[in-house]
A.B. asks: 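Okay, handing you the structure first.
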Amino acid sequence: MRAAPTILHLDMDAFYASVEQASKPSLRGKAVIVGGLGPRGVVATASYEARRFGVHSAMPTAQARRLCPNGAYLIPRFSLYREVSDLVMGLLRELSPLVEPLSLDEAFVDLEAGGTAFDSASARATGERLRADIAAATGLSGSVGLAGSKMLAKVASEEAKPAGLLLIEPGTERELLAPMSVRTLPGVGPATGEHLRRAGITTVGELAEAGEDELVRMVGKAHGVGLYRMALGLDDRPVVAERDAKSVSVEDTFDVDLHDRVRIRFEVQRLADRCVGRLRASGHSGRTIVLKVRRYDFSTLTRSETLRGPTDDPSVVREAAARLLEGVDTTGGVRLLGVGVTGLADYTQEDLFAQVLGAGAEEGGTVAEGVAPEGGVPEGEEGAGEPDGAGAAAGTAAAAAAARGPAAEAGGPEAAAGRHWPAGSDVRHALYGPGWVQGSGVGRVTVRFEQPGSPPGRVRTFRVDDLELESSDPLPLVGRAEGEA
C-alpha cells in the first residue's frame, strides 16, 4: 500500500457501444447493443440506455431483443475498437512508462513512476486532465479511479461510473469498503458470493470481521488469506508494464449447426487465415496449432499439434488445422469452430514445411479470440476478444461466401446478388458517400448516410446487388466530416 493515491485505473464507459454511438450520430442517447446478431449471438456490450432495460454483457442476444426490442443491434467492429484503444493507451503512456493494459478499454497506470503525481492533489489533477484528453482525442468518456493500490483503484473507477473520477484517500480504505457487497472484490464470483451469503457474509465489512482463520476454513487457505487481505484493503501488487502474450486465437459460433464436412473444412481454413493475421499483427510466431470444436451437444474438443519451430506462415497453419480436423468426429453437427496458436516467439522458423514433433489432445478447453496475455484473458467488461457468439455475424458472412462459390469470389453479378450486409457495418455509396447498414432482408439493404461529426443522416434503401454500394473502412471518430471546408 502506498501513502499517496498514485495508482490510476482507467475504464472506458460501455466502450464498444460508446464507439458506435460516437460514429453514428443518430444513435446518440439511444439503446445500442453490440454483439452477435444470430440466434446464438451473445451481447458484448450494451449502452447505458440499453442497460435500463436489463440488458448486459454476456446475455444471449435473443434475450436482449425481448427486453429491449427497439434497441439498435450491431455487429462488433474490432478494427475500429483497436484503433481507438491505441489512442487511449498512447495517452496513458504519456503519463508513465508503467502502463498495464487489462483489455482494449481498461488499464492501470503508475503515476509515481512517471513523475506525474506524488500526492492526492496532483493525482486528482492528472486524472481530470487524462479524462479531458481522452474526450478530445476520441470523443468518448472514461471513468478514473485513484488509490494507493491496484485493487482499490479498480474499485474506485467502478464506483465513479459513468464518466466520473473517484480518489480514495489512504487511511479511508476500510471505511469505504465496509458497506460494499463482497462481489465488489476481485475474484469473488457468483459461486463464492453465494457460499459466503449462506454463511451470513454479504458485505466486505462482514468479511473483515469474520477473520482470516474463519475464511480459510470456509474457502481454503489460498483464497481465504487473499479475501481477508482484500477486505482490509491490502494489496501490494505492482503495476507491470509488459504482459507477455501466451496465445493468439479466433473462433466463430454459427447460427445453424454445420453438418457438411466440406463447409466445416472451409471454415477451419478461413479461421486459420484470420488467426495468422492476428499473429502477424502482434509481432509473433508460434509452434503449437490448436483446433477447437464445439459440437451440437455443447461438448467441446481441442486438438493440438506442435511444429518443429515457430511459424507465421498461413499455409503451415492451415495444413496443421486441417490435419487436426481429420481426427474429430463432426457427424452430429458443429456449432462453434476455433483456431489458435500457442508457444509464441518473436521470430519465425525459416522452414515452410516444419514437421510435427508430436501432437497433444485434450477435451473441454477454451480458445478465446485475440491475443491472450500472461495469466489468461484480461478482466473487464470489454475483453480483448470476441465473446462466444459475437463471431456469429462473421460466420454468417462466411456462409454466404461459401454458398456463392468460385464464380462469386471472382466478382460479377453472382457476387453482387449474394453480398451480405450485417447491421452496423460501414458502407460507401458512389453518390451519397459514407454510411452504415441499418438492416437488410428480402433483397434490400437499408443504409443511413451519416458519419462522425455530422448531424443525423437520411435513410435510403437499395437492392443488395446495387453496384454503387460497397463495403468500406470505418472513419475516425474525431475529425471533420467529409465534405466540410
Side-chain angles (χ1 to χ4, degrees), residues 1-13 48 51 56-58 100 102-103 105-111 120 123-124 127 142-240 375-383:
M1 291 292 296
R2 297 186 177 184
T6 54
I7 293 181
L8 179 148
H9 181 260
L10 171 72
D11 195 352
M12 299 296 289
D13 299 321
Y48 286 99
R51 295 181 193 187
H56 57 77
S57 60
E100 182 178 340
L102 301 180
S103 62
D105 69 316
E106 185 180 4
F108 288 110
V109 184
D110 187 333
L111 300 179
S120 296
R124 184 181 296 276
S143 296
V144 170
L146 293 155
S149 71
K150 289 169 70 173
M151 183 198 79
L152 290 168
K154 185 174 175 63
V155 169
S157 68
E158 187 64 30
E159 291 294 307
K161 282 184 170 294
L165 181 148
L166 177 62
L167 183 148
I168 300 178
E169 291 283 0
T172 67
E173 298 90 353
R174 292 192 63 177
E175 180 182 354
L176 177 80
L177 289 172
M180 293 183 178
S181 166
V182 293
R183 292 289 305 279
T184 303
L185 301 179
V188 181
T192 301
E194 177 60 21
H195 185 59
L196 293 172
R197 188 195 66 78
R198 290 197 299 266
I201 299 174
T202 59
T203 68
V204 177
E206 292 169 344
L207 199 63
E209 291 174 3
E212 183 175 327
D213 292 342
E214 178 63 15
L215 293 176
V216 167
R217 186 190 66 78
M218 292 173 58
V219 298
K221 183 172 179 59
H223 201 24
V225 171
L227 277 178
Y228 183 65
R229 286 181 56 81
M230 286 191 293
L232 298 180
L234 302 177
D235 178 19
D236 297 323
R237 294 174 300 158
V239 176
V240 180
V377 178
E379 294 180 357
E381 177 191 18
E382 329 293 354

A.B. asks: Measuring from M230:CE to H223:NE2, what's the distance to the nearest 0.5 Å?
C.D. replies: 6.5 Å

A.B. asks: Grab the two heavy atoms, one from G233 and one from S149, that are nearest each other, plus how far apart they are.
C.D. replies: O-OG, 4.4 Å

A.B. asks: Report yes or no: do D13 and S143 form a side-chain donor-acceptor pair below 3.5 Å?
C.D. replies: yes

A.B. asks: Counting distance only, does the side-chain N/O of S157 pair as donor-acceptor with the main-chain N or O of K154 below 3.5 Å?
C.D. replies: yes

A.B. asks: Would you say the side chain of L165 lies within less than 4.5 Å of the side chain of L146, judging by non-hydrogen atoms?
C.D. replies: yes

A.B. asks: Where the side chain of R183 meets the backbone of V188, is there a donor-acceptor pair that is under 3.5 Å apart?
C.D. replies: yes

A.B. asks: Report yes if the side chains of E214 and I201 come closer than 4.5 Å at any heavy-atom pair, otherwise no.
C.D. replies: no

A.B. asks: Taking atom CG of L176 and atom CD of E159, what is their separation to the nearest 0.5 Å?
C.D. replies: 7.0 Å

A.B. asks: Check G145 against A156 and note the closest heavy-atom contact, atom names and distance.
C.D. replies: CA-CB, 3.6 Å

A.B. asks: Which heavy atom of P5 sits nearest a heavy atom of P170, and at what distance?
C.D. replies: CD-CD, 3.9 Å

A.B. asks: Considering only heavy atoms from C-beta outward, does the side chain of V204 approach that of L185 to under 4.5 Å?
C.D. replies: yes

A.B. asks: Work out which heavy atom in A199 is nearest to a heavy atom in M218; give both atom names and the distance.
C.D. replies: CB-CE, 3.4 Å

A.B. asks: Would you say that more than 12 heavy atoms from the other residues, nucleotides or ligands in this model lie under 6.0 Å from the CD of E175, or not?
C.D. replies: no

A.B. asks: Quick check for you: to the nearest 0.5 Å, what is the distance between K161 atom NZ and M12 atom CE?
C.D. replies: 8.5 Å

A.B. asks: Quick check: do D236 and R229 have side-chain heavy atoms less than 4.5 Å from each other?
C.D. replies: yes

A.B. asks: Determine yes or no for a side-chain-to-main-chain donor-acceptor pair under 3.5 angstrom, with D235 supplying the side chain and M151 the backbone.
C.D. replies: yes

A.B. asks: With side chain to side chain contact (heavy atoms under 4.5 Å, CB included) as the criterion, how do L152 and H9 come out once you've worked through the C-alpha distance, each side chain's angles and the decisive distance to 0.1 Å?
C.D. replies: CA-CA 9 Å; L152 290 168; H9 181 260; over 6 Å; no

A.B. asks: Does some side-chain heavy atom of V155 sit less than 4.5 Å from a side-chain heavy atom of M180?
C.D. replies: yes

A.B. asks: Can any side-chain N or O of E100 pair as donor or acceptor with the backbone N or O of V240 at less than 3.5 Å?
C.D. replies: yes

A.B. asks: Please find the pair of heavy atoms, one from L207 and one from Y228, that lie closest to each other, and give the distance.
C.D. replies: O-CD1, 4.5 Å

A.B. asks: When rounded to the nearest 0.5 angstrom, what is the spacing between CD1 in I7 and CD1 in I168?
C.D. replies: 11.5 Å

A.B. asks: Answer yes or no: is there a side-chain heavy-atom contact under 4.5 Å between D110 and R2?
C.D. replies: yes

A.B. asks: What do you reckon, is CZ of R174 surrounded by more than 12 foreign heavy atoms closer than 6.0 Å?
C.D. replies: no

A.B. asks: How long is the straight-line distance from CG of L196 back to OG1 of T202, given to the nearest 0.5 Å?
C.D. replies: 9.5 Å

